[in-house]
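Here's a structure for you.
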There are 2 protein chains.
Amino acid sequence: MSMANLEIEQAAGSNDAWFVRRGAGTPQDGLAALFRLMGVAEASPHATAPITTRRVRAGVALFHEGTCAQAVYFIAVGTFKLMHTAEDGYEQVLGFAGRAEMLGYDALCQRSYPTTAVALEDSTVYALPAADLFGLSARVPALGRVLHLAASRQMLHQVEIAHLMAAVSAEVRLARFLLQLSDHMAERGQSPRRLYLRMSRRDIASHLGVAHETVSRSFGALASWGCVAVNNREVEILDRERLLACASNTRGLVHPRCGAAADGPRLARAQAAFG
Amino acid sequence: MSMANLEIEQAAGSNDAWFVRRGAGTPQDGLAALFRLMGVAEASPHATAPITTRRVRAGVALFHEGTCAQAVYFIAVGTFKLMHTAEDGYEQVLGFAGRAEMLGYDALCQRSYPTTAVALEDSTVYALPAADLFGLSARVPALGRVLHLAASRQMLHQVEIAHLMAAVSAEVRLARFLLQLSDHMAERGQSPRRLYLRMSRRDIASHLGVAHETVSRSFGALASWGCVAVNNREVEILDRERLLACASNTRGLVHPRCGAAADGPRLARAQAAFG
DNA sequence: CGATCGTTTGACGGTGCTCAATCACCGTGG
DNA sequence: CCACGGTGATTGAGCACCGTCAAACGATCG
């Protein structure tokens with residue numbers, strides 16, 4: 001197949017052209033690439049959809065909050081951070097998105113994007129025009145399915161994020177965040193042990209709902225407990241069991257009955273992590 | 001029209017029958033009712049879909065986390081709380097859902113529901129079978145659109161919840177929660193001033209990520225500042241401007257430059273609310 | 001009317017936020 | 001080559017908000 005390594009072509013494609021129309025001669029190329037990215041077998045080989053490819057440099061916004069919703073995007077390569085700017089100017093990081101994740105879907109029910117998506121590294125996305133998205137979804141059933149599945153997966157991701165925020169302790173939140181990152185890496189076939197954090201400490205802090213100094217301290221705590229090794233943005237998970245034990249402390253100590261329990265909260269938590 | 005007050009019929013319908021097959025003679029009744037509920041004009045008058053109606057008593061779960069995903073639900077009347085039970089048994093309230101909101105969509109990308117939905121009052125839902133949901137969505141384009149719009153709205157709701165959690169102060173979180181509730185009431189044509197909280201303080205506390213005693217104290221604080229009047233589960237918004245001012249404090253005080261700013265943190269915040 | 005649950009209020013201790021300084025890294029220009 | 005400013009990460013000190021424990025109060029239902 002000539003499109004066996006299509007994404008690699010696109011990833012290494014021309015640097016200066018930001019908008020690239022795919023498949024002028026073979027209109028199903030963009031659609032096929034999207035189906036392959038999302039891991040579904042295309043049902044209708046002669047279906048067509050006006051899918052374009054867009055490259056975004058690190059630090060550049062794919063779309064801004066409040067701007068007119070023109071497209072729904074699928075990340076082919078790269079990482080994005082999604083954020084929400086409050087009226088007072090405070091920037092809240094809602095989450096991070098990687099390969100095969102969908103962006104901008106939440107803009108469908110209104111005219112503008114409710115969030116801003118910023119590339120954390122040089123990235124490539126597929127763009128589906130939002131204007132006739134419902135028509136496309138009806139004409140190409142497989143595309144409708146891809147959209148539904150991606151939307152459903154995104155909601156599942158929100159549950160994980162809620163689980164993150166449920167922890168009261170900063171170390172537990174960070175541990176859960178790292179484990180989620182590790183799982184997402186594993187899903188994409190990457191190493192779940194060695195992580196390279198594309199986002200800054202400030203972004204992590206905003207996402208976890210703590211001060212960025214606290215993130216540094218929590219990294220130090222996890223490292224001193226032997227869970228991870230941290231060197232700036234390189235994180236290696238040394239002891240996954242221990243990290244899991246640390247991440248499973250929802251609230252002080254879980255069931256009050258299930259152990260000798262809370263002596264000094266901090267000490268008890270550290271011991272639980274070692275136990 | 002004979003179906004002008006269809007929901008009312010269903011809400012006051014037979015009490016003992018939990019599953020009610022709608023429209024044995026006229027198969028499009030369920031679909032038409034769903035379209036009316038979601039506020040879209042049905043495009044295809046002769047379309048059909050196996051939509052059933054289900055009534056759920058207060059305190060009963062519509063579906064449990066981990067059980068096989070059988071249907072996607074739309075709330076016709078009533079209120080639900082969505083929660084996630086962690087491995088350690090800790091129950092985290094993810095949010096609340098009311099009329100015209102969708103439940104169970106996040107189960108589509110896997111075989112089971114990731115969350116539990118519990119009715120907070122006697123409620124009625126429309127059920128779409130999950131098995132051939134993609135087929136239905138393809139055969140009835142308007143239904144696909146309803147699903148996409150509802151999913152998109154749900155994601156928008158998640159952004160609001162993230163905005164909730166972005167606040168560090170308990171009073172600010174509660175103020176934002178009340179304002180969101182007020183807005184949702186207004187969207188459904190109800191009074192945005194007088195709220196009756198269907199959920200307990202514990203549920204609110206879990207949702208806001210604070211202790212339930214703190215929720216009580218925060219209610220007291222908002223009341224003492226003249227923002228609201230609280231009587232058990234009845235809440236009246238006395239001064240919306242003041243409540244908004246209180247809710248807009250993201251972090252201590254927003255831009256350090258924008259005022260005389262932080263004297264005593266607590267005092268400064270209270271004054272900002274009065275300013 | 002008693003029992004159970006939900007709500008409120010109090011006191012205390014700890015965690016994390018704020019403020020601040022230091023260090024590491026980097027691209028620039030002298 | 002080194003000085004220089006800028007950004008990001010780390011570490012420290014102090015204090016206030018909130019979580020925990022505890023008890024009183026109120027509501028609802030049998």
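Protein chains get the first letters and strands the later ones, always in sequence-line order, with residue 1 at the start of each. These numbers were taken from a predicted model, which means no experiment stands behind them.
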- Item | Between C1' of D:dT7 and NE2 of A:His212, the distance in whole Å |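 So the two atoms are 11 Å apart, to the nearest Å.
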- Message: Regarding A:Glu101 and A:Arg188, does a basic nitrogen lie under 4.0 Å from an acidic carboxylate oxygen?
- Response: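 A:Arg188 and A:Glu101: salt-bridged.
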- Whole angstrom value for the distance that separates P of C:dT7 from CG of B:Leu222: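 Whole-Å distance recorded here is 16 Å.
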- Under the side chain to side chain donor-acceptor pair (under 3.5 Å) rule, what pairs show up with a residue in residues 228-237 of chain B, not counting sequence neighbours?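 Found B:Arg194-B:Glu236.
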- Query: Does B:Thr79 have any side chain to side chain donor-acceptor pair (under 3.5 Å) partners at least two apart in sequence or in another chain, and if so, which?
  - Reply: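 Partners of B:Thr79 by the side chain to side chain donor-acceptor pair (under 3.5 Å) criterion, ordered by chain and then number, come out as B:Glu121.
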- Task: Please list, chain by chain and in numerical order, all residues satisfying ring pair (Phe, Tyr, Trp, His ring centres under 6.0 Å) with A:Phe63, sequence neighbours excluded.
- Result: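 For A:Phe63 the ring pair (Phe, Tyr, Trp, His ring centres under 6.0 Å) partners, ignoring immediate neighbours, are A:Tyr73, A:Tyr113.
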- Short question: side chain of A:Arg176, backbone of A:Ala247 - any donor-acceptor pair under 3.5 Å?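 Pair found, side chain donor or acceptor close to backbone of A:Ala247.
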- Message: Please determine whether a side-chain nitrogen or oxygen atom of A:Thr214 lies at a distance below 4.0 Å from atom OP1 or OP2 of C:dG16.
- Response: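 No, because none of the side-chain N or O atoms of A:Thr214 sits under 4.0 Å from OP1 or OP2 of C:dG16.
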- Give a yes or no answer on whether the side chain of B:Arg173 reaches the backbone of B:Ala167 with a donor-acceptor pair at less than 3.5 Å.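 Yes; judged by distance alone, with no hydrogens or angles, the pair exists.
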- Item | Among B:Arg198, B:Arg55, B:Arg57, the one residue meeting salt bridge (charged side-chain N to carboxylate O under 4.0 Å, His left out) with B:Asp122 |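 Result for salt bridge (charged side-chain N to carboxylate O under 4.0 Å, His left out) with B:Asp122: B:Arg57.
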- Whole-Å gap separating P (D:dT20) and CZ (B:Arg202):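 After rounding, the reported distance stands at 12 Å.
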- Message: Tell me the interatomic distance from B:Met199, atom CE, to C:dG6, atom C1', rounded to whole angstroms.
- Response: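 It is 15 Å, rounded to the nearest whole Å.
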- Query: Roughly how many Å is it from CD1 in A:Ile204 to P in D:dT10, rounded to a whole number?
  - Reply: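 So the CD1-P distance, A:Ile204 to D:dT10, works out to 9 Å.
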- Query: Rounded to the Å, how far apart are A:Arg201 CZ and C:dG16 C1'?
  - Reply: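 My rounded result for the distance is 18 Å.
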- Item | Rounded (10°) bend between the five-pair end axes of the helix from C:dC1-D:dG30 to C:dC26-D:dG5 |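 One end axis against the other gives 40°.
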- Under 3.5 Å donor-acceptor, B:Ser182 side chain and B:Leu178 backbone: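 Not a single qualifying donor-acceptor pair exists.
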- Name every residue in residues 231-238 of chain A that has at least one heavy atom under 4.0 Å from any atom of DNA chain D, in order of residue number, or write none if there are no such residues.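 Under 4.0 Å from DNA chain D: A:Asn232, A:Arg233.
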- Query: Would you say the side-chain atoms of B:Ser248 pair up with the backbone N or O of B:Ala245, donor to acceptor, closer than 3.5 Å?
  - Reply: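 Confirmed, B:Ser248 side chain pairs with B:Ala245 backbone.
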Any N/O pairs under 3.5 Å between the protein and nucleotides 10-13 of chain C? List them or say none.
unit_1 : atom_1 : unit_2   : atom_2 : d
C:dG10 : N7     : B:Arg217 : NH1    : 3.1
C:dG10 : O6     : B:Arg217 : NH2    : 3.4

- Message: Closer than 3.5 angstrom, by distance alone: can the side chain of B:Glu160 be matched with the main-chain N or O of B:Gln180 as a donor-acceptor pair?
- Response: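 Checking the backbone N and O of B:Gln180 against the side chain of B:Glu160, no donor-acceptor pair under 3.5 Å is found.
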